[in-house]
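For ligands, and for the atoms within them, numbers begin at 1 and follow the listed sequence.
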Amino acid sequence: MSKTMTAAMLLAALSFNPLFGQKKTIDQKVDSLLQKMTIEEKVGQLNQYSGRELTGPASDKKTDIASDIKNGWVGSMLNVKGVKDTREVQEMAMQSRLKIPLLFGLDVIHGYSTIFPIPLAEAASWDLEVIAQSAHVAATEAAAAGIHWTFAPMVDVARDARWGRVMEGAGEDPFLGSMIAKARVIGFQGKQLGGTDAIMACAKHFAAYGAAIAGRDYNAVDMSEVTLWQDYLPPFKAAADAGVATFMNSFNTLNGVPATGNSYLQRTILKGKWNYTGFVVSDWNSIGEMTRWGYAENAADAASKAINAGSDMDMEARVYRRNLVELVKQGKVKQNIVDDAVRRVLRKKFELGLFDDPYKFSDAAREQKVFGTDFNPVARDVAKKSIVLLKNERNTLPLQNSYNKIALIGPLVKAKRDLAGSWSLTPDSAKMISLYQGFENVYKATQLSYTKGGEILSATDEDIQQAVELAKQSDIVIMALGETWDMTGESKSRADIHVPGKQEALFNAVKATGKPVVVVLMAGRPMIFNDIADKADAIVYAWWLGTEAGNAIVDVLTGKYNPAGKLPVTFPHDNGQMPLYYAYLNTGRPYVGQKSKQYLSAYIDAPNTPRYAFGYGLSYTTFKYSDMKLDRTEMTAKDSIVVTCTVANTGKYTGEEVVQLYLRDEFASVVRPVKELKGFSKIKLEPGQQTTVRFVISNELLKFYNSQLQYISEPGSFKLMIGSASDDIRLDGTFKLK
Ligand code: BGC
């Protein structure tokens with residue numbers, strides 16, 4: 001080592017050594033600030049208000065909030081955005097005694113100004129790079145608009161499509177969900193906090209919110225510990241491991257205890273076992289709601305239960321602000337519990353660099369520059385990769401050049417606002433590319449004709465008749481059907497997830513003309529559409545794809561892009577099947593197509609199988625799987641098995657395939673699912689090209705939670721399956737763990 005290097009290293013070491021007083025660590029800065037704070041100021045840091053009213057027209061709330069901020073009684077605001085407004089509100093905080101900057105939080109769920117596909121759609125890309133990129137663009141735009149913190153990603157596993165918030169997550173699978181959780185955290189937060197293109201992420205909703213009974217939002221959750229650990233916690237753990245800055249708890253109870261007041265979840269698991277050092281924000285008023293659940297006697301009791309259970313920040317319940325100081329003075333809440341929560345919040349403010357410059361994210365020049373940047377090409381790329389081709393009879397798609405008369409029919413053909421889906425901030429409909437515009441960008445106006453065919457929730461006989469007439473005069477019909485944007489999302493549970501209104505009747509009438517019919521379905525959740533599934537010539541599932549939706553869908557329909565999306569959730573045949581997911585337990589009386597269903601685990605009036613399975617999605621080309629090899633068929637807990645197989649593109653188009661690895665532990669001390677995703681690889685092949693796909697099966701992949709909640713593997717035999725979907729296994733084999 002050279003002399004200069006040694007000197008430089010010594011200098012660096014000294015500057016971080018507190019004894020030399022050069023540069024304090026963040027923890028030291030937090031501690032010295034904490035010593036200066038009154039109990040009121042400490043509780044203030046744990047208080048978050050919504051600022052919708054604050055910078056708008058005058059209201060009583062406005063004065064209250066402003067004076068609380070100036071008094072140092074507010075730690076964070078949500079719903080204040082834009083450089084002008086965030087600066088104005090931060091200036092109020094700078095009038096407080098200690099000038100502790102505010103954190104500005106916002107639900108940047110799938111884009112800020114440029115709208116990306118809803119998270120469930122993005123999950124269908126199984127493309128972690130693309131997902132991270134989408135979050136990065138969202139973070140760049142949000143950070144340029146004064147935002148420090150997004151309440152995303154939602155990493156709740158969701159196995160019931162009735163639940164409206166299924167649209168906000170990565171679907172039903174803990175393995176895929178964990179990978180996506182990590183990608184999103186990295187996308188939002190960048191390498192580390194402090195950059196002006198990075199914002200804090202928030203893993204929500206901790207925990208098990210996705211399992212609300214009967215898919216009804218805000219409902220109770222009753223779940224075994226094994227299921228909680230095995231299926232619902234892994235994406236949260238993945239987010240924590242990826243360094244997610246914050247967690248949000250949830251509205252539901254878990255086995256009788258509200259998540260917000262749940263010390264097992266927040267203290268034992270998150271801050272205990274996982275050693276998590278970020279902070280936990282409550283969900284909107286979830287601390288206050290503990291009284292309505294019947295878990296807290298009154299607001300003071302709710303405050304005490306929440307803070308003791310590890311909820312660090314109170315979002316909009318105002319329960320900490322009104323009760324916590326008194327509770328500490330009375331000795332009902334210990335000072336060190338409050339100090340710990342405040343430390344967690346302050347640490348993040350230091351990490352973001354807000355003490356050096358509270359207006360760091362409120363820079364008008366940067367805002368102008370970033371909002372002048374065209375991110376639409378990225379949005380189009382993510383959107384086309386999120387599309388899933390469900391059906392394609394006789395190669396109906398891609399559309400042939402010979403079609404001269406294309407009829408566009410359906411209530412979503414010209415829709416714009418809907419394309420932004422739920423949880424988009426203030427979508428500018430003028431900027432959204434409708435499906436119709438997507439067609440106009442490629443075809444001559446004379447080739448296109450259109451009729452709406454009624455509304456999403458209703459259609460008259462006349463609407464349907466007009467559609468039939470138009471279909472008759474065309475070479476091919478493209479129908480755009482589905483939900484309205486606000487039929488999925490928070491508090492949008494549906495008891496019936498059929499394509500709504502008379503849209504299937506419209507489809508049936510159009511199909512009866514004998515013309516080829518391509519159906520583009522748009523929604524925030526899986527829907528049921530058995531007639532369409534049976535009779536359409538081709539079906540494209542296009543979710544809500546954001547700003548570039550129309551262009552992306554036309555890219556797929558014309559074959560400019562060969563679709564490769566795979567479903568991250570199961571699509572049922574029937575409402576009564578839900579919750580429905582591929583990783584089910586076999587039962588002692590499995591129904592696998594026997595002649596009689598008598599005394600078997602089956603419905604007498606519906607199938608057990610899904611309409612479309614997890615992992616399913618077609619391509620314009622075909623892939624052949626062959627030549628599976630395991631480098632050994634027995635392993636110990638210390639070894640691993642390398643599995644390889646060949647995948648060849650046997651069709652005419654360049655295409656991508658998501659090669660999926662599933663495992664089944666054939667017998668264990670706790671019954672294991674019939675299959676579980678344990679690996680996937682997205683590959684791209686030219687026609688005629690082939691490649692070797694390789695997976696490594698380590699002991700880690702064989703572990704599960706036993707009844708004592710130990711995470712272990714057990715010796716025995718395992719089935720290994722490689723395929724193109726959870727119900728399309730192309731290669732299988734077995735191996736043993738000794
Ligand atoms: C939702 C959260 C969201 C919060 C703030 C709540 O109703 O459950 O996911 O982050 O509102 O808007």
Pairwise side-chain contact, T150 with L106, heavy-atom cut-off 4.5 Å (strictly under): no

Evaluation steps, side chain to side chain donor-acceptor pair (under 3.5 Å), between T291 and E297: CA-CA 6 Å; T291 50; E297 195 178 354; over 6 Å; no

R292/E289 salt bridge by N-O under 4.0 Å criterion: no

Flag for N47-W73: side-chain donor and acceptor within less than 3.5 Å: no

Geometric class of the F571/Y541 ring pair [parallel <30°, tilted 30-60°, perpendicular >60°]: perpendicular

Geometric class of the W126/F614 ring pair [parallel <30°, tilted 30-60°, perpendicular >60°]: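 It falls in the tilted class, 30° to 60°.
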
Sub-4.0 Å heavy-atom environment of ligand 1, residues by chain: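 The answer is L78, D107, F151, R165, K204, H205, M248, F251, D283, W284, M315, W423, E490, counting any residue whose heavy atom sits under 4.0 Å from ligand 1.
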
